[in-house]
2 protein chains.
Amino acid sequence: MVLVERDDTGVTLHDVTLHGITLHSVTLHDVAREAGVSYATASRALNGSDRTVRADNAARVRDAADRLGYTPDLSAQATARGSSSTVALVVSDIDDPYFSSIAAGVTEAATDAGLIVTMAIADRSPGLELQIVRALRGHRPRAVIIAGSRIAPAASTSAPASSASAAASAAAASASASASASDDDDTRAALIAELAAYQQAGGRVALISQDDLPFTTLAIDNTGGARQLALDLAGLGYRRFAIAHADDSIRTSHDRRLGFAAGLAEAGLPPPALLPTDFTRAGGRQAALDLIARGHGDLELVFAVNDVMAIGVMTGLRESGLLPGRDLAVAGFDDINAAVDVSPALTSVRVPLHELGRRALASALAEPPPHTTTDRASAAVSGPMSVPIPVEVILRPSTPTRRHP
Amino acid sequence: MVLVERDDTGVTLHDVTLHGITLHSVTLHDVAREAGVSYATASRALNGSDRTVRADNAARVRDAADRLGYTPDLSAQATARGSSSTVALVVSDIDDPYFSSIAAGVTEAATDAGLIVTMAIADRSPGLELQIVRALRGHRPRAVIIAGSRIAPAASTSAPASSASAAASAAAASASASASASDDDDTRAALIAELAAYQQAGGRVALISQDDLPFTTLAIDNTGGARQLALDLAGLGYRRFAIAHADDSIRTSHDRRLGFAAGLAEAGLPPPALLPTDFTRAGGRQAALDLIARGHGDLELVFAVNDVMAIGVMTGLRESGLLPGRDLAVAGFDDINAAVDVSPALTSVRVPLHELGRRALASALAEPPPHTTTDRASAAVSGPMSVPIPVEVILRPSTPTRRHP
DNA sequence: ACAGGTGGGGAAAACGTATTCCGGATTGTG
DNA sequence: CACAATCCGGAATACGTTTTCCCCACCTGT
């Protein structure tokens, strides 16, 4: 018979009425009383304290906790301990497969580490991103991971003019990103300050593919991957390329564009035509539409700086009556899951997104604690480290081997 | 001259060293001291308290807060107020476009409401899901939203046998879901108990498409949508159908399968062939492969109970040398973003996923507070409400109009 | 038998914030 | 000019934990 006798006043669910919300919850206090021990003992029994508690007492406490359905109040725990058990993840757009794969990796690693993740969506806006980081800081997360920050130094802010590209399209592309360069610089500086402060306060920061910010960064080899892709495509027999890319303030786009161009140069091929557009599926589609409307001449392949854009390009081509792969080859970058679902399957550069997420969290958590110096001047940001993420070219039917004409 | 004079001992970043983690953070105390007011005044100035604080004091406090980079400790706020500012979201797999769209909606709505979301991934496992809900409760979230619970009453647990389906495949399909029916029942009951307790404690619960659980549910019209799809396809001239579906313990699959069959019956058409498989892309592909290997006879269209599976089916068909849409039509359900990226674009039933996420949060938050009865017997779960989510058939080229043979 | 551990329980002080209560000042009114 | 009414600052308490002390009881070795 395991049933335990309870007097009628035994279990007390105390009512907390605040802000119109009524909460009843069973606290450590209740558990302790039910188990006939004190506060402290109950606390020690229920979490791995350094102190030991006698076996029978521990059992009684655990029993009581079970019976009452006790769950520790993590907020209270966090204030008491001074550190919460959450990690913050900020992504540009969770509905984008690139980010959702990363998020999956981060969440998985967090779960393994007994942490839970709070997620916020920056909607590709640096301003919002900053705001979010500020808000997130209030949660005192153990780490914050930022995927897809769009802030770049103002220096390289405007996309280079392209002889082959329609001026109108270029203007449209940069319009959205041009909210006064100094404004952007301000947000950028503010973000850095915010993160530095957070780090100074003991938080860990990891950035994904933002190696121009002074924090631990998972550096996707954008340049190298794009270069290798160009080389491999040259090897397949392609000669005349176009690049669908976004504004250079988007670092990723910038690096991939330059890497690709470098690869072409290396292969002794002419520089690619530039198709500046948005960093989205719609952007890719529009670039394709514009290209075909204008006449694509002897173009053989268009490289879009990410898969989502590449898929847009394929759609645009199809809408223009061209068959991607046969009439005009297409290649992307990221190797999102959908790359194999489109037809022809998309040639891409594989970025281990899931793993990337995992490692982002791991790297953040592994960061050395900040110097605990009373001298505030020397309490500088600890040297940012960079974790290189290798990538791999994956050739698929969207870029079939090309017979020399 | 706005510079404020500070004595050298002015700003005190107090060090908290606990569990090896060192945190310095600026507290309300510091702000109060810097501003030359008390605790309470600072608190009142920085959050909209019911009490007013004199304008000049308020300004001083805000100034000090700015200068010091103060951010309120939300954990502390939560314990003090007794309710946190988070909502919990549990999804089966954030890397699945179905869930990522929902997550985007939930997150957006949360941000609008000044809440932040904590996300956990149940990996399609009821056990994990239960565990997660338990863990989440510790955060005392304002609401928990569960998308994609897979638990169904044990009653309808096994998939019906299908004359047209390979027994081996069916066995494989149900194998993973068959960890002893009573076990499943236990988890289900435990989840219900857990959620009920949470609700009883003042939390709000919303479920997405789980109308067999006694909680507020966003009910996607799976049956009706599938039925309408069948009707519309019949209207296009299709006569002989197959359904790629998953184990009936997955409610969604079950309902869509039955709805589709009902639509066919209504149109006076023969019942569909059944292709039991996994609820995934791989499952869809395998079903297609099996089907073609076995010989698909006079089959004209395969309906997969979700888009991800449908895309798998298309891939499988292609691998078997068939052209989806021309040789064999394909239709899905959900209308995920990728449905328009595949070619031919996929006929589907549009579920407003993003909106669904938004409304899930809204519905949860709008729930009536639980009855505050001291009589524990009558403190039953308040009547669950069901928010119907209408769906819409979207015909696309994967199901071209069929000439009568 | 007695000093010196040592294992473990409990009271109380954190943690950082919200809120209640008290009282002093300022204001309005007769 | 007195007296209430209002405004608002501050001390103190609460929130649910963890953690630090303190102390007792028991064990061990001499």
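Note on naming: letters A, B, ... go to the chains in the order of the sequence lines (proteins, then strands), and numbering restarts at 1 for each one.
In this structure, CG of B:D73 is placed 6 Å from P of C:dT17, rounded to the nearest angstrom. The interatomic distance linking A:H29 (NE2) with C:dG10 (P) rounds to 12 Å, in whole Å.
Within the 4.0 Å cut-off from OP1 or OP2 of D:dT18, at least one side-chain nitrogen or oxygen of A:N47 is found.
Annotation: salt bridge (charged side-chain N to carboxylate O under 4.0 Å, His left out) contacts of A:R134 (sequence neighbours excluded): A:E194. For B:R54, the salt bridge (charged side-chain N to carboxylate O under 4.0 Å, His left out) criterion is met by B:D56, not counting sequence neighbours. Among residues two or more places apart in sequence or in another chain, the side chain to side chain contact (heavy atoms under 4.5 Å, CB included) test is passed with B:T71 by A:R137, A:R140. Qualifying salt bridge (charged side-chain N to carboxylate O under 4.0 Å, His left out) partners for B:R44, counting only residues two or more places apart in sequence or in other chains: none. Residues forming a salt bridge (charged side-chain N to carboxylate O under 4.0 Å, His left out) with A:R358 (at least two apart in sequence, or on another chain): A:E108, A:D112.
The pair B:D63-B:R60 does not meet the salt-bridge criterion, since no charged nitrogen lies less than 4.0 angstrom from a carboxylate oxygen.
Considering only the side chain of A:R81, D:dT18 comes nearest among C:dT17, D:dT18, D:dT17. With C:dA18, C:dT17, D:dT18 as the choices, the nucleotide that has an atom nearest any side-chain atom of B:Y70 turns out to be C:dT17.
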Contact string for nucleotides 6-12 of chain D, one letter per nucleotide 5' to 3', B = base within protein heavy-atom range under 4.0 Å, S = sugar-phosphate only, - = neither, reads --BBBB-
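A donor-acceptor contact under 3.5 Å links the side chain of A:T79 to the base of D:dG16. Side chain A:S75 to base D:dG16: no donor-acceptor pair is found below 3.5 Å.
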